[in-house]
Structure formats: structure tokens, C-alpha cells
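Okay, structure first, notes after.
Values below: every heavy atom of this structure, side chains too, minus hydrogens, waters and symmetry copies. Each chain gets a letter, A, B and so on, in the order the sequences are listed, and its residues count up from 1.
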Amino acid sequence: MLKLFNTFGRKIEPFGPVGKKNVTIFTCGPSVYQRAHIGNFRTFLFEDLLVRYLEYSGCTVERGMAVTDIEDKAISEAEKRHTSVRELTDANIAQFVKEMKLLGMKVPDYMPRASECIDESVEIISKLLQKKIAYVHGGNIYFDPLRVRDFGKLFGLDMSRWPKKKRRFHKDTYPGIQWNYGDFILWHGCELHEKACWETGIGKGRPSWNVQDPSMVMRHFNNSLSFFCGGVDNLYRHHDYSMAILEALRPYPMARFWMHGAHLFVDGQKMSKSKGNILYSDMLMKQGYTAGEIRFFLMYGHYRKRINYSDRAMQAAAETLRRFRRHVADIRRKAGANAPEQSRISRELRNIFVLHMDNDLSVKDAFDSMQLLLNGFALGPLPAGQAAGIISELRKIDGPLQVIF
RNA sequence: GGCGGCGUACCCAAGUGGCUAAGGGAGAGGUCUGCAAAACCUUUAUGCAGCGGUUCAAGUCCGCUCGCCGCCUCCA
């Protein structure tokens with residue numbers, strides 16, 4: 001049975017029953033004011049692995065991914081480049097989808113852009129205003145966490161420390177892991193000259209980052225999502241904000257499972273512009289690595305654990321995969337065009353793959369065990385039909401992994 | 001300085017109190033080979049940062065010390 005770590009509750013829980021079940025998943029997507037780096041892709045890759053493994057397990061998966069194309073950063077970046085927000089984000093989205101495909105990721109069924117969900121955002125904010133959970137102040141609209149129950153339940157925020165004094169935070173994002181003890185913004189009112197603004201029933205302005213995910217979820221999904229995923233950085237504020245907004249309007253949980261992926265580091269340090277250590281997929285490809293090797297490297301370390309990129313680690317991972325693939329090629333040669341036959345090995349292969357993947361998507365354990373199994377028998381005496389059976393099993397396993405063939 | 005995380009062989013890394021500490025990469029030696037590559041075999045931690053404690057039993061729990069990293073600037 002598939003067991004996954006649910007951030008909401010901080011424990012491993014069974015997910016099931018799988019098989020034929022329609023699973024819905026919504027994930028934070030890229031903020032498209034700039035190009036996504038391989039650290040960003042690590043998170044999306046773990047989500048891709050989840051989607052593909054659920055499909056491998058027999059589920060039908062419907063996935064949405066949020067595309068943040070309006071926020072402070074996109075607006076200032078567009079100004080800096082003397083272009084429109086739309087033009088900037090169009091280009092980055094095209095690049096993003098291209099790289100997603102390159103890294104063997106499925107393009108989600110829905111990739112709503114914040115700029116295309118204005119109506120839903122306005123609807124949400126209007127309802128919150130009616131319920132007096134939101135209020136207008138200085139041209140903006142804010143959400144008052146004290147007006148809802150269990151605010152901060154995902155993070156486990158201690159609301160007894162919430163200040164009595166009224167405070168408002170009016171930027172889309174704030175750095176760091178400290179909570180903003182105060183009301184957060186839902187709607188940025190616009191001055192006359194501002195770009196990226198919409199004329200709506202609640203005035204002229206644009207939706208804040210935190211109201212965007214709920215608006216997209218509301219647009220595409222009418223029930224509790226099976227999963228909501230994102231990078232760990234979103235565990236502070238953002239996901240609790242999203243949850244509070246949506247659950248204030250819908251009388252059921254926003255998602256059953258909340259999952260968060262750990263970050264990618266470079267030579268022991270966090271990737272950051274100021275350190276100048278940001279890596280893009282094409283930089284690695286220029287060094288001779290294939291897209292599959294990059295995917296493998298990003299997937300091999302467990303998704304809840306930070307992984308560290310270094311030249312040496314990347315080389316080792318690539319070499320591990322190459323060896324595995326060479327071995328598979330040998331088996332394939334042996335198999336020829338024979339009809340696949342099941343055998344102890346093919347069954348064992350499936351069993352160990354499922355065993356480890358069911359354990360919170362332990363790719364490394366699954367891969368290492370498979371490698372050990374395949375190295376453990378001589379190819380010579382293996383009947384061709386059984387070799388074909390092993391290849392057939394590996395092809396199924398490669399559905400989620402996307403690195404073997 | 002405040003808060004948080006981590007420290008297992010040359011590198012990556014499993015280990016969630018109990019048999020001789022998984023596995024992979026790299027290196028070294030060997031088999032095979034016209035040479036080379038690939039493959040295969042062998043080999044690499046009396047010890048898990050250090051010290052002390054709890055326990056019949058600790059890499060695994062507790063305390064202290066040292067070291068590295070993260071957040072308090074930008075970010076999946």
C-alpha cells in the first residue's frame with residue numbers, strides 16, 4: 001500500500017485505496033518572472049514522480065499547476081526590461097514547458113495563469129468581504145486570520161502568540177521563515193497609471209499571490225484535492241494562507257495530503273543569485289550530461305531531503321545510471337524479439353520497485369535494489385523469453401522513472 | 001547574536017535501541033581480450049565528529065563541546 005508523508009499532521013499515512021481511483025493534484029508552479037533553474041525543477045520533478053507513480057499504481061490522475069504571472073516581481077522585472085508583463089511571462093512559460101518536457105515531465109492537465117483567473121479571485125474576495133473575513137483598507141483588501149478557525153494549522157502556528165494589535169502586511173511575499181503576525185493582502189488596489197490591473201466589481205487592482213492558488217483550484221476542482229504540493233519554502237505562510245482562504249468558503253478540506261519537496265543545494269550552499277551559483281539544465285547538458293541523467297540526479301535523493309549538487313556527485317549519479325542502462329541494454333539484446341515471459345526475476349523486480357516506491361517514494365532504495373537484483377544473475381543461461389519479460393517489466397517501471405529507456 | 005537543521009569509509013548514502021554497520025560511485029588488484037573499452041571477481045569504517053551519560057544492549061536516546069549549513073537579504 002502506498003504510504004506518503006503528509007505535512008499536514010507530519011506523519012506517514014497510507015494513501016489509498018489506489019487503483020482506478022480518480023486522483024486530483026494541484027501544485028504550486030513556477031513564478032514566471034524569470035527562468036526556472038534546476039532547483040525549481042527538482043520540486044516539479046518530485047511532483048511528476050508522484051503523478052506518474054500514482055498512474056503506475058492504477059490511478060487516473062488529474063493535475064493542475066499554478067502559474068504565477070502577476071505579482072510584484074513580474075511587474076518590476078517587466079519594467080526593468082522595458083517589456084510588458086504578458087510578453088515577459090509568455091516567453092518564460094514557453095521555456096518552462098519546453099524544459100519540463102526535456103526532463104521527462106508530463107505537462108499538467110491545467111496550467112492556469114493568475115492573470116486568467118481574475119474572475120475567480122474577485123469572486124473569492126467578494127465572498128470573504130460578505131463574510132467579514134476580509135475588509136478594505138487604504139485601497140487594498142486584507143484577510144483577517146482571526147476571523148477563521150484553526151488558522152495556521154498546516155504549519156502548526158501557535159495562535160496564542162498572535163498579537164492583539166492590528167497589523168497589516170501588504171507585499172505578496174516576504175523573505176524568511178518568520179511568520180507575519182498580522183493580516184495579509186488579498187487584493188492590491190491600483191493607482192491610475194499602474195500596469196497589470198483589472199477593472200472589477202471590487203475595484204481596480206490585481207489579486208495577491210496568496211489568493212491566486214485558491215482561485216485556480218476553485219476554477220478546476222470542486223472537491224477536496226487528493227494532493228497539494230510545493231516546495232518547502234511555501235510551508236511558511238503561503239500554503240496556510242491559501243488553505244484559510246479556500247476553506248473559509250468551502251466547507252471541506254482543501255486537500256487530503258499536503259506534500260513538500262526539499263531544496264537543491266550547490267556545493268553545500270543554497271542556490272541564490274547573490275552567490276551566483278544558480279544552475280540551469282542547459283549548463284549541465286553542455287558539460288555532456290543527458291536530460292535523463294539530470295532527471296536521475298534530481299530524483300535519486302529522497303524528495304524530503306535536501307540534495308547537494310557537486311560536480312562529483314553529478315558524475316557519480318550519471319555513472320550509476322549509465323551502468324544500469326548498459327546492463328539493461330545487454331538484457332534487451334538477449335531478449336531479442338521474443339515474447340515476454342514472467343519469471344522469478346521479473347516478479348521480484350516489480351515487487352521491490354513497488355515496495356520501495358510505496359514507502360514514501362524511495363527512489364534510491366528502489367533503484368539500488370533493482371540494480372542489485374539485475375547484477376545478481378548470469379545473463380548467459382537466462383532464457384530469451386525471460387529476458388524479454390524483464391525488459392517488459394522495466395518498461396512499466398520506467399513509466400514513473402523515465403530514465404531507463 | 002537569535003531560531004532551526006546536519007555531521008556514517010576517498011565521494012554519495014541506507015540505517016526510525018538488539019544478529020558480523022545496506023547499496024552505489026571512484027580507486028586498487030585480478031579474469032577475459034590482439035590492444036582498448038565493456039563485463040565479471042576481489043578489495044576499501046573493530047567503527048558512525050569528539051567527550052560524557054542512560055540501558056542487559058546506542059550510529060540510533062540524553063547532555064556538553066567542536067565543525068558545517070539554513071533562515072533573520074532574493075528564491076522551488
What's the [atom1]-[atom2] distance between [X] and [N], to the nearest Å?
X	N	atom1	atom2	value
A:I294	B:A76	CD1	P	20 Å
A:F265	B:C71	CZ	C1'	10 Å
A:D267	B:G70	CG	C1'	16 Å
A:H263	B:C75	NE2	C1'	7 Å
A:L374	B:G23	CG	P	16 Å
A:L355	B:G23	CG	C1'	15 Å

What nitrogen or oxygen pairs link the protein and nucleotides 28-32 of chain B at under 3.5 Å?
none

When rounded to the nearest Å, what value does the distance between [atom1] atoms of [N] and [M] take?
N	M	atom1	result
B:A9	B:G24	C1'	13 Å
B:G59	B:A22	P	14 Å
B:U42	B:A36	P	23 Å
B:C10	B:U16	C1'	29 Å
B:U8	B:A14	C1'	10 Å
B:U44	B:G4	C1'	36 Å
B:A57	B:C12	C1'	31 Å
B:G1	B:A13	P	28 Å

> Within a reach of under 6.0 Å around CZ of A:R10, are more than 12 heavy atoms found that belong to other residues, nucleotides or ligands?
Replying inline: yes

> For A:M159, does the CE atom have more than 12 heavy-atom neighbours from other residues, nucleotides or ligands under 6.0 Å away?
Replying inline: yes

> Which of parallel (below 30°), tilted (30 to 60°) and perpendicular (above 60°) describes A:F15 and A:F227?
Replying inline: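 Rings of A:F15 and A:F227: tilted, 30 to 60°.
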
>> Can you classify the ring geometry of A:F41 versus A:F44 as parallel (below 30°), tilted (30 to 60°) or perpendicular (above 60°)?
In response: perpendicular

Between protein and nucleotides 42-45 of chain B, what N or O pairs are separated by less than 3.5 Å?
none

>> One pair to check against side-chain contact (heavy atoms from CB on, under 4.5 Å): A:Q34 and A:E77. What are the steps and the verdict?
In response: CA-CA 8 Å; A:Q34 63 176 8; A:E77 183 70 20; 5.8 Å; no

> Are we looking at SG atoms under 2.5 Å apart for A:C197 and A:C190?
Replying inline: yes

> Are A:R237 and A:F184 in a cation-pi setup, meaning NZ or CZ lies under 6.0 angstrom from the ring centre and within 45 degrees of the ring axis?
Replying inline: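 So A:R237 doesn't make the cation-pi contact.
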
>> Tell me whether A:K80 forms a cation-pi arrangement with A:Y33, defined as NZ or CZ under 6.0 Å from the six-membered ring centre and within 45 degrees of its axis.
In response: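 Cation-pi check for A:K80 and A:Y33: fails.
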
> Under the criterion side-chain hydrogen bond (donor to acceptor under 3.5 Å, both in side chains), which of A:R167, A:K166, A:H137, A:R147 is the partner of A:D183?
Replying inline: A:K166

I want to check something: taking the side chain as every heavy atom from C-beta on, are [X] and [Y] in contact at a cut-off of under 4.5 Å?
X	Y	result
A:W258	A:N6	yes
A:R295	A:D48	yes
A:R113	A:V32	no

>> Given a 3.5 Å cut-off on both pairing distances, which stems involving RNA chain B, each at least three consecutive Watson-Crick or G-U pairs, are present, if any?
In response: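 When the pairs of RNA chain B are grouped into runs of at least three, the stems are B:1-7 with B:66-72, B:10-12 with B:23-25, B:27-31 with B:39-43, B:49-53 with B:61-65.
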
>> Below 4.0 angstrom, which residues in residues 68-101 of chain A have at least one non-hydrogen atom near RNA chain B?
In response: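 Hits under 4.0 Å, by residue number: A:K73.
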
> Where along residues 25-46 of chain A does a heavy atom fall under 4.0 Å from RNA chain B?
Replying inline: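 The stretch gives A:S31, A:Y33, A:H37, A:G39, A:N40, A:T43 as the residues lying under 4.0 Å from the strand, ordered by number.
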
When we call it a touch if two heavy atoms are under 4.0 Å apart, what does [X] touch: a base, just sugar-phosphate, or nothing?
X	answer
A:F367	nothing
A:I278	nothing
A:Q371	sugar-phosphate

> Distance only, no hydrogens: is a donor on one side chain within 3.5 Å (strictly under) of an acceptor on the other, for A:D213 and A:H239?
Replying inline: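 No, because no side-chain N or O of A:D213 sits under 3.5 Å from a partner of the opposite role on A:H239.
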
> Given B:C75, B:A76, B:A26, which nucleotide is nearest the side-chain atoms of A:E319?
Replying inline: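 Looking only at heavy atoms from C-beta outward on A:E319, the closest nucleotide is B:A26.
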
Does [X] have any side chain to side chain donor-acceptor pair (under 3.5 Å) partners at least two apart in sequence or in another chain, and if so, which?
X	value
A:Y110	A:E62
A:E123	A:K127
A:N92	none
A:S215	A:S121

> Which is it for A:L102 and A:M285 under the side-chain contact (heavy atoms from CB on, under 4.5 Å) test, yes or no, and what are the steps along the way?
Replying inline: CA-CA 11 Å; A:L102 177 77; A:M285 297 192 67; 3.7 Å; yes

>> Strictly under 4.0 angstrom, non-hydrogen atoms only: write out the protein contact profile of nucleotides 11-17 of chain B, one letter per nucleotide from the 5' end, B, S or -.
In response: S-SS---

> If only atom types and distance count, is the side chain of A:D172 paired as donor or acceptor with the main-chain N or O of A:N210 below 3.5 Å?
Replying inline: no

Output a table of nitrogen or oxygen pairs between the protein and nucleotides 38-41 of chain B separated by less than 3.5 Å.
from: B:A38; atom 1: O3'; to: A:R326; atom 2: NE; distance (Å): 3.2
from: B:A39; atom 1: OP1; to: A:R326; atom 2: NE; distance (Å): 3.4
from: B:A39; atom 1: OP1; to: A:R326; atom 2: NH2; distance (Å): 3.4

>> Can you say whether a donor on the side chain of A:K270 sits under 3.5 Å from an acceptor on the base of B:C75, or the other way round?
In response: yes

Identify each donor-acceptor pair in which a side-chain atom of residues 371-393 of chain A lies under 3.5 Å from a protein atom, sequence neighbours left out, and give them as a table.
from: A:N375; atom 1: OD1; to: A:H327; atom 2: ND1; distance (Å): 3.1
from: A:N375; atom 1: ND2; to: A:Q371; atom 2: O; distance (Å): 3.3
from: A:E393; atom 1: OE1; to: A:R350; atom 2: NH1; distance (Å): 3.2

> Once you round to the nearest 0.5 Å, how far does CG of A:L128 lie from CH2 of A:W187?
Replying inline: 13.0 Å

> What's the verdict on ring pair (Phe, Tyr, Trp, His ring centres under 6.0 Å) for A:Y309 and A:F297, showing C-alpha distance, side-chain angles and the deciding distance?
Replying inline: CA-CA 9 Å; A:Y309 180 94; A:F297 174 80; 5.4 Å; yes

